[in-house]
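Counting starts at 1 for both ligands and their atoms, in listed order.
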Amino acid sequence: MSDPAYKLELQDISRVYDGQAVVDGLSLRLNAGEVTCLLGPSGCGKSTTLRIAAGVDKQTTGRVLIDGQSVSGHAGHMPPEARNIGLMFQDFALFPHLDVERNVGFGIKSSRSSKKARVKELLQKVDLDGYQSKYPHQLSGGEQQRVALARALAPKPQVMLMDEPFSGLDDRLRDDVRDATLELLKAENTAVLMVTHEPEEAMRMADQIALMRNGKIVQAGAPYNIYNAPVDKAAAAFFSDVNVIKGLVKNALTETPFGQFLTPGMVDGTEVEIIIRPQHLKLDFDRKGRGPNPTVAEGVPARGMVKRARYLGHQSLVEFMMDYDQSVLKVLMPGVFLPKPDTPLWLSMRRDRCFLFKKSV
Ligand code: ADP
Ligand code: MG
């Protein structure tokens with residue numbers, strides 16, 4: 001029995017095209033009022049998953065449930081219009097020949113007066129009350145997007161499915177439209193499945209991120225957890241530049257220029273990769289305050305030389321060459337930090353921010 005508390009449930013969904021599984025055994029559950037972002041590189045199967053949830057495509061195997069009821073599986077396949085879902089895609093075409101009032105009211109099946117009231121309520125929420133008699137071509141991109149959102153939400157769908165809905169907007173508009181959208185979706189208590197290939201967008205919007213690769217969900221969880229406890233190197237690297245420090249296991253320890261790491265249970269000779277984001281490395285002009293027994297969090301500072309430093313605005317990016325093996329690590333320092341090339345410095349790492357993995361093949 002499935003739990004009817006889930007507004008949308010995908011159970012072990014696969015989709016095969018030309019003998020190739022583009023979605024491969026994917027399961028996902030969405031609660032009311034929660035935003036889940038399907039995040040992953042282009043071609044990993046995000047849109048296919050969304051189309052299956054919508055019912056415009058049909059899975060090869062698996063089951064889709066909405067509010068605990070099977071809408072697609074062995075028992076039959078319900079078309080999109082019967083699923084009580086809202087849809088929003090990148091090219092969110094409004095009906096050009098209908099004004100805002102009639103665009104938003106399009107899917108509402110109720111009396112004229114309550115329809116008018118619902119349209120007004122939604123337009124107020126997207127800050128477009130008063131625009132009822134305008135036509136799509138009289139609106140800016142951001143305004144059209146907000147009308148499209150109001151239209152999708154007008155019939156009070158339990159589930160909202162969105163595919164890269166903000167990618168057509170210019171940068172300046174996007175943040176505002178995103179925030180307004182999120183606010184409205186929360187106010188309507190809608191369960192949302194949103195596709196994006198942008199990690200910042202997923203971090204900003206999602207209660208839950210489902211990270212996809214090759215048709216599978218490789219990790220799902222709150223943005224904080226996905227960012228700070230990635231399952232592998234690729235999951236870490238999807239969110240920011242990362243540095244990779246290589247090591248070899250000997251007597252359950254891995255030696256690095258930053259001191260030893262405990263690698264219990266790993267056999268001697270295992271190749272290990274320690275992953276650290278550039279903002280979790282720190283440069284100093286001296287070994288300041290670090291005695292012979294540095295704390296675990298600080299580790300041992302390592303000696304090296306500045307290769308290049310660039311100012312990025314609120315932080316500086318330093319490429320730093322390690323004396324140890326001539327490898328170059330990227331370091332993000334807050335504010336202005338622009339040492340000249342060839343300046344010798346000490347590099348330390350936030351050991352609590354490292355991710356240690358067996359080297360992947
Ligand atoms: P994403 O949205 O993550 O970029 P898609 O779900 O659109 O990825 O596509 C995943 C893979 O499935 C791609 O390799 C794509 O070429 C393939 N694909 C999608 N739709 C079809 C189709 N109708 N026929 C054949 N292959 C398809
Ligand atoms: Mg896509």
Start with the C-alpha gap between Asp163 and Lys46, add the side-chain angles, then the distance that decides, and say whether salt bridge (Lys or Arg N to Asp or Glu O under 4.0 Å) holds. CA-CA 8 Å; Asp163 195 344; Lys46 305 180 297 293; over 6 Å; no
How does Arg51 reach ligand 1, by side chain, by backbone, by both or by neither, if only non-hydrogen atoms under 4.0 Å count? side chain
Verify, without hydrogens or angle tests, whether Glu319 (side chain) and Arg308 (backbone) share a donor-acceptor contact under 3.5 angstrom. no
Near the Mg ion (ligand 2), which protein N/O/S atoms fall under 2.8 Å? Ser47 OG
Counting only heavy atoms not in [X], do more than 12 fall under 6.0 Å of its [atom1]?
X: Lys116; atom1: NZ; answer: no
X: Phe106; atom1: CZ; answer: no
X: Asp127; atom1: CG; answer: no

For [atom], the protein heavy atom that lies nearest, with its residue and separation:
atom: atom 24 (N) of ligand 1; answer: Tyr17 CD2, 3.5 Å
atom: atom 4 (O) of ligand 1; answer: Gly43 N, 2.6 Å
atom: atom 5 (P) of ligand 1; answer: Thr48 OG1, 3.6 Å

Decide yes or no on side-chain contact (heavy atoms from CB on, under 4.5 Å) for Lys125 and Glu188, but give the supporting numbers first. CA-CA 10 Å; Lys125 284 182 176 163; Glu188 296 274 315; 3.2 Å; yes
Between Val56 and Leu50, is any pair of side-chain heavy atoms under 4.5 Å apart? no
Reference residue Val119; test side chain to side chain contact (heavy atoms under 4.5 Å, CB included); the match among Arg151, Glu101, Arg102: Glu101
Output yes when the distance from some N or O of ligand 1 to some N or O of Ser47 is under 3.5 Å, and no in every other case. yes
Within-cut-off N or O pair, Val22 and ligand 1, under 3.5 Å: no
Within 4.0 Å of atom 2 (O) of ligand 1 (strictly less), any protein heavy atom? yes
Non-hydrogen protein atom less than 4.0 angstrom from atom 10 (C) of ligand 1: yes
What are the two closest non-hydrogen atoms of Arg277 and Phe239, and how far apart are they? NH1-CB, 4.0 Å
Going through the checks in order, is the side chain to side chain donor-acceptor pair (under 3.5 Å) test met by Asp129 and Gln132? CA-CA 7 Å; Asp129 191 20; Gln132 276 85 337; 3.0 Å; yes
Check contact between Ser42 and ligand 1, using heavy atoms of the residue and a distance below 4.0 angstrom. yes
